[in-house]
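Shown next, in structure tokens, is the structure this report addresses.
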Amino acid sequence: MSNPIKIVAILTARPGKTDELKALLTGMIGPSRAEPGNMRWDIWQDQANADILILDELYADNAAVAAHRETPHFRDYFAVINDLAERRALVLDPVQIA
């Protein structure tokens, strides 16, 4: 049996790039949520620092994550993200979820 996979990406916009980063991410909402194995794809913004955005993603399993990474919208994101933000991504397995 496969487990769901959670991805939390912490993105800190480079100086002057917050609006471009937000536009890139909001453009990914629809296509990402439409993927068969996607269970959640949300964007959060830090209240204390508007340059910090968090991606909160949940996938049915590792195969769904792999499929996501092959989509045109993810490839477009990956091609430009380092110009727009510093990025740290955590790929998480469930310990106890309800």
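What you see below is based on every heavy atom in this structure, not just the backbone, and it leaves out hydrogens, waters and symmetry mates. Every value quoted in this text rests on a predicted model; they were computed, and no experiment measured them.
When atom types are taken as modelled, the side chain of E57 and the backbone of I7 share no donor-acceptor pair closer than 3.5 angstrom.
Using a 4.5 Å heavy-atom threshold, the side chains of E35 and H73 count as touching. Looking only at side-chain heavy atoms (C-beta outward), N62 and S2 stay at 4.5 Å or farther from each other.
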With side-chain contact (heavy atoms from CB on, under 4.5 Å) as the criterion, how do M39 and Y59 come out once you've worked through the C-alpha distance, each side chain's angles and the decisive distance to 0.1 Å? CA-CA 5 Å; M39 301 165 69; Y59 296 91; 5.9 Å; no
Stepwise side-chain contact (heavy atoms from CB on, under 4.5 Å) check, T71 with R75: CA-CA 6 Å; T71 62; R75 289 178 183 245; over 6 Å; no
Should F78 and R87 be marked as a side-chain contact (heavy atoms from CB on, under 4.5 Å) after you check the CA-CA gap, both sets of side-chain angles, and the distance that decides it? CA-CA 11 Å; F78 201 71; R87 177 176 75 98; 3.2 Å; yes
Show, in sequence, the C-alpha distance, side-chain angles and deciding distance for L25 and L11, and conclude whether the side-chain contact (heavy atoms from CB on, under 4.5 Å) test is met. CA-CA 10 Å; L25 299 178; L11 305 167; 3.7 Å; yes
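The pair D42-R40 meets the salt-bridge criterion, with a side-chain N (NZ, NE, NH1 or NH2) lying under 4.0 Å from an Asp/Glu carboxylate O. Using a cutoff of 4.0 Å between basic side-chain nitrogens and carboxylate oxygens, K22 and D51 are not scored as salt-bridged. Between D56 and K6, at least one side-chain nitrogen of the basic residue sits less than 4.0 Å from a carboxylate oxygen of the acidic one, meeting the salt-bridge criterion.
Residues T18 and A50 approach most closely at CG2-O, 3.6 Å, considering heavy atoms. Here the shortest heavy-atom pairing between P94 and P4 reads CD-O, 3.2 Å.
Remark: I10 CD1 to D46 CG distance equals 10.5 Å, nearest 0.5 Å. A distance of 10.5 Å separates CD1 in I54 from CZ in R88, rounded to the nearest 0.5 Å. I43 CD1 to L24 CG: the interatomic distance, rounded to the nearest 0.5 Å, is 8.5 Å. I5 contributes atom CD1, which lies 13.5 Å from atom NE2 of H68 (distance to the nearest 0.5 angstrom). Once rounded to the nearest 0.5 Å, the distance linking CG of L21 with CG of D83 reads 11.5 Å.
In the displayed structure, Q45 atom CD is contacted under 6.0 Å by more than 12 heavy atoms of other residues, nucleotides or ligands.
Criterion: ILVMFWY side-chain heavy atoms under 4.5 Å apart, direct or through other members. Under it, W41 and V8 are not part of a common hydrophobic cluster. V91 and L58 fall into different hydrophobic clusters, defined by Ile, Leu, Val, Met, Phe, Trp and Tyr side-chain heavy atoms under 4.5 Å apart, directly or through other members. Both I29 and L84 are part of a single hydrophobic cluster, where members link through side-chain heavy atoms under 4.5 Å apart. Taking hydrophobic clusters as Ile, Leu, Val, Met, Phe, Trp and Tyr residues chained together by side-chain heavy-atom distances below 4.5 Å, L90 does not share a cluster with L53.
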